[in-house]
Each structure stands twice: as C-alpha cells, then as structure tokens.
Amino acid sequence: MGIETKRYMRLLVFFDLPMVTKAEKRAYVQFRKFLLNDGYDMIQWSVYGRLLNGSDAEKKHLARLIRNLPPAGSVRCMTVTEKQYAGMRLLIGSPTHQEQKVDMKQMLLF
C-alpha cells in the first residue's frame with residue numbers, strides 16, 4: 001500500500017431545476033445555498049465548481065452533494081484535474097470577478 005499523492009481537482013456541478021411552484025423555487029434556493037456554503041463558486045448560471053485536494057476530498061464532497069440533492073430536476077457532476085480546468089477556454093465574454101481576483105497558482109496555496 002503506497003501513500004496517496006494529493007492531486008488538486010475540481011468538482012463541477014451542472015444543474016437544471018424546475019422553478020414553477022413555490023416548493024420548486026424553495027428547493028432551488030436551498031440547493032444553491034448549499035453549494036455556496038460548501039465552498040463552490042458559480043462559474044456560469046447553473047454551473048458551479050469546487051477545488052478539491054485529492055480523491056478522499058472528492059469522495060467526501062460527492063457524498064455531501066448527493067445528500068443535498070433537490071427532489072426534482074437534473075443535476076450532473078464531473079471531476080477534472082486542476083490542469084484540465086486551467087486549460088478551459090473562454091470563447092466569449094470575460095472571466096468572472098472571482099476568476100480575475102484569484103488565479104490557479106494562488107488557489108493552490110491555501
């Protein structure tokens with residue numbers, strides 16, 4: 001058994017949730033608040049990402065995400081390495097305030 005090397009990754013969450021009834025709107029707000037309180041940053045509307053430090057953190061946060069899923073809608077997630085995330089191309093628009101404020105090298109220092 002070798003020692004696991006820590007590898008920075010991003011857990012990306014994509015979702016489309018119904019917002020017709022009052023209960024659906026409440027579920028949307030609760031899910032979004034969970035993401036923000038759990039350390040996710042909004043990348044785009046309904047796309048959130050969180051920095052992870054290794055596969056143990058990935059398992060932990062995936063389990064937390066599953067426990068906080070809304071009752072209806074579509075929620076998907078994907079884990080990518082920090083290098084893959086840094087290679088993402090912005091085709092139109094500009095980086096978010098958070099992306100302009102903190103670059104990848106600064107994120108890795110915490």
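These figures come from a predicted structure and were not determined experimentally. All heavy atoms count here, side chains included; hydrogens, waters and symmetry mates do not.
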Measure the [atom1]-[atom2] distance between [X] and [Y] for me, rounded to the nearest 0.5 Å.
X	Y	atom1	atom2	value
Cys77	Ile66	SG	CD1	7.0 Å
Lys59	Leu52	NZ	CG	12.5 Å
Leu90	Met88	CG	CE	9.0 Å
Asp56	Glu58	CG	CD	9.5 Å
Tyr85	Leu11	OH	CG	11.5 Å

The side chain to side chain donor-acceptor pair (under 3.5 Å) partners of Asn68 (sequence neighbours excluded) come to none

Indicate, with yes or no, if Val80 and Ile43 share a hydrophobic cluster defined by side-chain heavy-atom contacts under 4.5 Å among Ile, Leu, Val, Met, Phe, Trp and Tyr.
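In one cluster: yes.
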
Hydrophobic cluster identity match, Leu62 and Phe14, side-chain contacts under 4.5 Å:
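Looking at the clustering, Phe14 is in a separate group from Leu62.
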
Between Ser46 and Phe15, is there a donor-acceptor pair closer than 3.5 Å when you use the side chain of the first and the backbone of the second?
yes

Going through the distances and angles, do Asp41 and Arg50 end up as a side-chain contact (heavy atoms from CB on, under 4.5 Å)?
CA-CA 6 Å; Asp41 293 313; Arg50 185 187 200 297; over 6 Å; no

Residues in side-chain contact (heavy atoms from CB on, under 4.5 Å) with Thr81, at least two apart?
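Checked Thr81 against side-chain contact (heavy atoms from CB on, under 4.5 Å); matches are Arg7, Lys83, Gln84.
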
Criterion side-chain contact (heavy atoms from CB on, under 4.5 Å) on Val13 and Val47, from CA distance to verdict
CA-CA 6 Å; Val13 178; Val47 180; over 6 Å; no

For residues 23-37, dump all side-chain donor-acceptor pairs below 3.5 Å to protein atoms at least two apart in sequence or in another chain.
unit_1: Glu24; atom_1: OE1; unit_2: Val20; atom_2: N; d: 2.9
unit_1: Glu24; atom_1: OE1; unit_2: Thr21; atom_2: N; d: 3.0
unit_1: Arg32; atom_1: NE; unit_2: Tyr48; atom_2: OH; d: 2.7
unit_1: Asn37; atom_1: ND2; unit_2: Lys33; atom_2: O; d: 3.2

Looking at His61, Arg10, Met9, which one forms a side chain to side chain contact (heavy atoms under 4.5 Å, CB included) with Thr79?
Met9

Between Leu17 and Val75, does the side-chain contact (heavy atoms from CB on, under 4.5 Å) criterion hold? Intermediate values first, please.
CA-CA 8 Å; Leu17 302 178; Val75 179; 4.0 Å; yes

